Asks: 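Have a look at this one.
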Amino acid sequence: MNVKISLPDGSVREYPQGVKGSEIASSISEGLARVSLAIEVNGEVWDLSRPITTDASIKILTWNDKSGKTTFWHSSAHLLAEALEALYPGVKFGTGPAIENGFYYDVDLNGKPFGDDDLAAVEAKMKELAKHDSQYVRKDVSKADALKYFTEKGDPYKIEIINGLEDGKITFYQQGGFTDLCIGPHIPNTGFIKAVKLLNVAGAYWRNNENNKMLTRIYGITFPKAKELEEYLHLIEEAKKRDHRKLGKELELFAFSERVGMGLPLWLPKGTILRERLEQFMRKAQIKAGYDPVVTPHIGSKALYVTSGHYEKYGKDSFQPIHTPDEGEEFLLKPMNCPHHCEIYRTKPRSYRDLPVRLAEFGTVYRYEQSGELHGLTRVRGFTQDDAHIFCRPDQVKEEFVKVIDLVLHVFKSLGFENYTAQVSLRDPENKAKYIGEDSAWEKAEAAIQEAADERGLSTVAVKGEAAFYGPKLDFMVKDALGRQWQLGTIQVDYNLPIRFELEYVGSDNQKHTPVMIHRAPFGSLERFVAVLIEHCAGNFPLWLAPDQIAVLPISERFNDYAKLVYEKLKEQDIRGLLDDRDEKIGRKIRDAETKKIPFMLIVGEKEAGDQMVAVRKHGQGDQGSVPLEEFVNRFRIECSAPV
RNA sequence: GCCGAGGUAGCUCAGGGGUAGAGCAGCUGAUUCGUAAUCAGCAGGUCGUGGGUUCAAUUCCCAUCCUCGGCUCCA
């Protein structure tokens, strides 16, 4: 009996029942057979050695397919485990999945320290074992047999996993002398793994729970060709050059000081220009969108945060209250602006006609972040949010939310962020105790967010358990140079805080009603936004943001006077920059200006000094020819306009 | 906070039980130059901090602080 196999190109071929993926690949072409890693059967990824018994549509998976890579890396994790078992008898295994770039395996080395030298040894063992071309063999096992195997082997983590599995659906995979509990699929044999690099060691809690034992997580990556590994490592090196911590130092944008305290950024003059440009851009956009700027203090009475619920939720693990010496009052460093804004709302009675009230503040907040969490400007203990709170009637929620989405998208577009993820962050339904407020309020809020996102045609991913404790969010996530994902913009619907703060307005029915609050921050925090922006443009800021826009470079000291004149004229036109009148050759001055990523270099010498000319050189683009100074200023103005 | 790796001149890094070295930056002098590094000289460090071992510690040990890679967390 035959089975009908449809291929991705739409063609259908017949094969004997029980045909294997590898046989189908061979029948298509020997070339394909050589590079095929796995097969997709009716949307499910299978081993190439698994018999196909029914009609199916298939796709042969190679390194060029995402699931081909995933399979490859998952099999590599097994190879890592095999190497570990060979070198560390008695090692216990947690889980070892493929990840976006490579794979890891969590292992329990019985408290044995595992460092970089060990990493190199294991890597060498993996390379050796890969050459054995050991096949990955799939085996169905009963739950009882599976438990028996790992009980005898003494692997408590595998036993824990098996206990949660259904009998009849348990499979083992074995390659060489190593057997693992695994649903597969895998590549045909270890020989496909030609290049291996173990990247780093990290601690990871068993089952991601910090109350569990910390296992040793070993990260690695493998490739079918040595050259691809080289390319990958080169790519990582390139990405590191964009790291905002490196560029922040090189371009003198920000710094940290142990004496000031960890996670407390110092904005240097050039970084401050960048930051203030962004603030100004946002201020304008917000005025246009009907926001009223407000200012509130950096500390607030503890009672304020008890009311809001922040104290109960975060108080004990946070910066401790500040006490006044005589009265014994308690204040908290402001961790959030919303309670203050609620109090501004309360300063006078509000009518339904007044709503929405939109209060905006570049509010600096302080939060205790665990020391291990701090990371450049993306995770700090003191930062400024481009925060605002919109107080509106229930019937205005959707419209207001949509307007905020537009604002966020405008910001992203203006700064060239195209690759973002819009994440609907929902409550964890399994763990409602983590949140405040009634179910009905949550349901309303979650629905409002999804509706607003849909109305703007935003493609979103919903993630449970990511909501704030007072309400669900729409978060805009962007990746940094090294692929780490960060939350930038956020919009949150909140039915809870207005109740806690007893906010009200008088409706058209002359009755008192509770407004709805929308918390929102398009940048998120200036610090994190700048960090991601630096990495996004690799320090080559758009002209309107660049701390130094021009460098005036006299050919020699003889032209310093003219250069100074040019520099002063540009300064009068609010063009930022520097005059490099050092006693250096022009090549040197150009090199330094290029290194500093200054957008325009104006070179002036004998040819220019006579008739008010400047020789224009653009960063990364070279000589642009000479123009009259006036003309340069005009062209500059056009190019420099900030987005509106 | 947890696991692992590090901290040597302003920066990037080498070294290693007998009180330290390079390149760049800095300073001084020479040079006056046309599109990515002019030459020479000088100066610069309680080798993160505190203890311990030792005749002797920057080097070995312990603690601590900070940084880096992850984990957990992220109002």
Side-chain angles (χ1 to χ4, degrees), chain A residues 104 106 109 111 113-119 199-219 240 243 245-246 249-250 252 256-259 261-263 305 308-315 317-318 334-339 365 367-376 378-381 385 387 435-436 466-471 473 482 484 486-487 490 492 494 497 519 528 553-560 583-595 601-608 615-626:
Chain A
Y104 66 77
D106 284 346
L109 293 159
F114 192 89
D116 291 348
D117 296 342
D118 306 286
L119 212 55
L199 298 163
N200 47 49
V201 188
Y205 301 107
W206 169 237
R207 301 216 142 167
N208 289 340
N209 184 331
E210 71 178 315
N211 299 317
N212 287 341
K213 183 169 181 181
M214 183 166 265
L215 306 181
T216 303
R217 175 170 296 178
I218 301 170
Y219 284 91
K240 279 184 183 162
D243 191 315
R245 290 166 299 185
K246 184 176 158 66
K249 195 183 276 182
E250 285 171 4
E252 297 179 12
F256 290 90
S257 152
E258 271 187 44
R259 261 202 278 261
M262 59 163 102
Y305 305 102
S308 71
H310 288 102
Y311 188 78
E312 189 193 344
K313 183 85 180 153
Y314 298 103
D317 310 313
S318 202
K334 179 165 72 173
M336 278 300 282
N337 302 302
C338 32
V365 296
R367 296 176 186 178
Y368 168 77
E369 303 285 358
Q370 297 183 95
S371 60
E373 282 313 324
L374 300 173
H375 185 99
T378 51
R379 195 79 186 267
V380 286
R381 285 178 168 175
Q385 298 175 309
D387 209 358
Y435 310 92
I436 59 169
E466 289 295 307
F469 74 92
Y470 51 75
K473 311 187 283 176
L482 291 165
R484 288 174 287 230
W486 299 99
Q487 175 203 304
T490 178
Q492 311 167 3
D494 181 2
L497 284 194
H519 309 239
R528 183 177 289 176
L553 313 178
I555 295 283
S556 81
E557 257 174 44
R558 284 169 52 213
F559 310 104
N560 280 358
D583 182 9
E584 289 289 351
K585 286 165 64 166
I586 194 64
R588 174 52 180 276
K589 295 183 187 182
I590 287 170
R591 183 188 151 76
D592 288 348
E594 289 280 358
T595 312
M601 284 149 276
L602 301 180
I603 293 140
V604 294
E606 186 145 28
K607 284 184 244 166
E608 291 76 20
V616 180
R617 182 189 165 102
K618 250 186 161 172
H619 170 68
Q621 292 174 37
D623 196 352
Q624 309 284 301
S626 293

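These numbers come from the heavy atoms of this one structure, side chains and all, not from hydrogens, waters or symmetry mates. Just so it is clear, the model here is predicted, and its values are computed rather than measured. In what follows, chains carry the letters A, B, and so on, assigned in the order in which the sequence lines appear, proteins first and then strands, with residues in each chain numbered from 1.
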Asks: Taking atom P of B:C71 as reference, at what distance in whole Å does atom CD of A:Gln370 sit?
Replies: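 Spelled out: CD on A:Gln370 to P on B:C71 is 13 Å.
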Asks: A:Lys313 side chain N/O closer than 4.0 Å to the phosphate oxygens (OP1, OP2) of B:C74?
Replies: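 A:Lys313 to B:C74 OP1/OP2: no side-chain N or O under 4.0 Å.
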Asks: Atom CG of A:Leu119 and atom P of B:C3: how far apart are they, to the nearest Å?
Replies: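 Result: 19 Å.
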Asks: Quantified in whole Å, what is the P atom distance between nucleotide B:G6 and nucleotide B:A14?
Replies: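 12 Å, rounded to whole Å.
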Asks: Any side-chain to backbone donor/acceptor pair from A:Arg367 onto A:Pro335? Under 3.5 Å, distance only.
Replies: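 Side chain of A:Arg367 to backbone of A:Pro335: a pair is present.
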Asks: Measure the distance from CG on A:Asn209 to P on B:C71 and round it to the nearest whole Å.
Replies: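 So the two atoms are 15 Å apart, to the nearest Å.
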Asks: Would you say the base of B:A75 stacks on A:Tyr314 (centre-to-centre below 5.5 Å, plane angle below 30°)?
Replies: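 Stacking between A:Tyr314 and B:A75: present.
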Asks: Should A:Lys213 be listed as having a side-chain N or O under 4.0 Å from OP1 or OP2 of B:C3?
Replies: no
Asks: Mind calculating the distance between CG (A:Asp118) and P (B:C3) to the nearest angstrom?
Replies: 17 Å
Asks: Give A:Lys473 one of three labels, base, sugar-phosphate or nothing, depending on what nucleic acid heavy atoms sit under 4.0 Å from its own.
Replies: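 Answer is sugar-phosphate: A:Lys473 comes under 4.0 Å of backbone atoms only.
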Asks: Quick one: label A:Glu250 by what it contacts on the DNA or RNA (base, sugar-phosphate, nothing), any heavy atom closer than 4.0 Å.
Replies: nothing
Asks: Under the rule for side-chain contact (heavy atoms from CB on, under 4.5 Å), what residues qualify as partners of A:Glu258, not counting sequence neighbours?
Replies: none
Asks: Please give, in whole Å, the distance from B:C13 C1' to A:Lys246 NZ?
Replies: 12 Å
Asks: Looking for any heavy atom pair under 4.0 Å, which part of the strands does A:Ala615 touch: base, sugar-phosphate only, or nothing?
Replies: base
Asks: Between A:Ala467 and A:Phe559, who's closer to the 5' end of RNA chain B by nearest nucleotide?
Replies: A:Phe559
Asks: Whole angstrom is fine here: how far is it from CZ in A:Arg259 over to P in B:G48?
Replies: 16 Å
Asks: Using whole Å, report how far CZ of A:Arg591 lies from P of B:U35.
Replies: 16 Å
Asks: Is the backbone N or O of A:Trp206 less than 3.5 Å from a side-chain atom of A:Lys213, with the two atoms forming a donor-acceptor pair by type?
Replies: no
Asks: With a non-hydrogen cut-off below 4.0 angstrom, is A:Tyr104 in contact with a base, only sugar-phosphate, or nothing?
Replies: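 Nothing: the residue A:Tyr104, judged by heavy atoms under 4.0 Å, touches no strand.
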Asks: Could you work out the separation of B:C62 and B:A5 based on their P atoms and round it to a whole Å?
Replies: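 Looking at atom P only, B:C62 and B:A5 are 12 Å apart.
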Asks: By nearest atom, which of the nucleotides B:U35, B:C33, B:G34 is closest to the A:Arg617 side chain?
Replies: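 When the side chain of A:Arg617 is considered, B:U35 is the closest of B:U35, B:C33, B:G34.
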Asks: What verdict does the side-chain contact (heavy atoms from CB on, under 4.5 Å) test give for A:Ile218 and A:Phe114, after you've listed the backbone C-alpha separation in whole Å, the side-chain angles of each residue and the deciding distance to 0.1 Å?
Replies: CA-CA 9 Å; A:Ile218 301 170; A:Phe114 192 89; 3.7 Å; yes
Asks: For RNA chain B, just give me the dot-bracket, please: Watson-Crick or G-U, both distances below 3.5 Å, ( ) intra-strand, [ ] crossing earlier pairs, | paired with another strand, . unpaired.
Replies: (((((((..((((....[..)))).(((((.......))))).....(((((..]....))))))))))))....
Asks: Please work out if A:Lys249 contacts a base, only the sugar-phosphate, or nothing of the nucleic acid, heavy-atom cut-off 4.0 Å.
Replies: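 Sugar-phosphate, no base atom in range.
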Asks: Show each protein N/O and nucleotides 63-70 of chain B N/O combination with a separation under 3.5 Å, one pair to a line.
Replies:
{"residue": "B:C68", "atom": "OP1", "partner": "A:Arg245", "partner atom": "NH1", "Å": "3.3"}
{"residue": "B:C68", "atom": "O3'", "partner": "A:Arg245", "partner atom": "NH1", "Å": "3.4"}
{"residue": "B:G69", "atom": "OP1", "partner": "A:Arg245", "partner atom": "NH1", "Å": "3.2"}
{"residue": "B:G69", "atom": "OP1", "partner": "A:Arg245", "partner atom": "NH2", "Å": "2.7"}
{"residue": "B:G69", "atom": "OP1", "partner": "A:Arg484", "partner atom": "NH1", "Å": "3.1"}
{"residue": "B:G69", "atom": "OP1", "partner": "A:Arg484", "partner atom": "NH2", "Å": "3.4"}
{"residue": "B:G69", "atom": "OP2", "partner": "A:Arg245", "partner atom": "NH1", "Å": "3.1"}
{"residue": "B:G69", "atom": "O2'", "partner": "A:Asn200", "partner atom": "ND2", "Å": "3.0"}
{"residue": "B:G69", "atom": "N2", "partner": "A:Val201", "partner atom": "O", "Å": "3.1"}
{"residue": "B:G70", "atom": "OP1", "partner": "A:Arg484", "partner atom": "NH1", "Å": "3.4"}
{"residue": "B:G70", "atom": "OP2", "partner": "A:Arg484", "partner atom": "NH1", "Å": "3.1"}
{"residue": "B:G70", "atom": "O3'", "partner": "A:Tyr219", "partner atom": "OH", "Å": "3.1"}
{"residue": "B:G70", "atom": "O2'", "partner": "A:Tyr219", "partner atom": "OH", "Å": "3.0"}
{"residue": "B:G70", "atom": "N2", "partner": "A:Gly203", "partner atom": "O", "Å": "3.1"}

Asks: For A:Ile586, answer base if it contacts any base atom (sugar-phosphate contacts may also be present), sugar-phosphate if it contacts only those atoms, and nothing otherwise; contact means non-hydrogen atoms under 4.0 Å.
Replies: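 The residue A:Ile586 makes sugar-phosphate contact but no base contact.
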Asks: What's the CZ-C1' distance between A:Arg379 and B:G1, to the nearest Å?
Replies: 12 Å
Asks: I'd like to check A:Lys240 versus A:Leu482 (side-chain heavy atoms, cut-off strictly below 4.5 Å). Are they in contact?
Replies: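 In short, these two side chains touch, coming nearer than 4.5 Å.
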Asks: Among the candidates B:C71, B:U35, B:A75, find the nucleotide nearest to the side-chain atoms of A:Asn208.
Replies: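 Per side-chain heavy atoms of A:Asn208, the pick is B:C71.
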Asks: On a plain distance test, is the side chain of A:Glu608 in donor-acceptor contact with the base of B:G34 below 3.5 Å?
Replies: yes
Asks: Each nucleotide in nucleotides 24-30 of chain B should get exactly one letter: B, S or -. Can you fill that in based on protein heavy atoms under 4.0 Å?
Replies: -S----B
Asks: Pick base, sugar-phosphate or nothing for A:Gly622, based on heavy-atom distances below 4.0 Å to the nucleic acid.
Replies: nothing
Asks: When the P atoms of B:G34 and B:G29 are compared, how many Å lie between them, rounded to an integer?
Replies: 24 Å
Asks: Considering every strand and a 4.0 Å limit on heavy-atom distances, what is the contact class for A:Asp116: base, sugar-phosphate, or nothing?
Replies: sugar-phosphate
Asks: Which residues satisfy the side chain to side chain donor-acceptor pair (under 3.5 Å) test with A:Glu312, sequence neighbours excluded?
Replies: none
Asks: Using the C1' atom as the point on both nucleotides, what is the distance between B:A25 and B:A63, in whole Å?
Replies: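 It comes out at 36 Å once rounded to the nearest Å.
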Asks: What verdict does the side-chain contact (heavy atoms from CB on, under 4.5 Å) test give for A:Glu608 and A:Phe559, after you've listed the backbone C-alpha separation in whole Å, the side-chain angles of each residue and the deciding distance to 0.1 Å?
Replies: CA-CA 9 Å; A:Glu608 291 76 20; A:Phe559 310 104; over 6 Å; no
Asks: Among residues at least two apart in sequence or on other chains, which ones pass side-chain contact (heavy atoms from CB on, under 4.5 Å) with A:Arg591?
Replies: A:Thr595
Asks: Using the C1' atom on both, measure B:G45 against B:G15 and round to a whole Å.
Replies: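 Between the two C1' atoms, the distance is 14 Å.
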Asks: Under the 3.5 angstrom rule, does the side chain of A:Arg528 hit a backbone N or O of A:Thr378 as a donor-acceptor pair?
Replies: yes
Asks: When you compare B:A20 with B:U32, how far apart are their C1' atoms, in angstrom units rounded to a whole number?
Replies: 39 Å
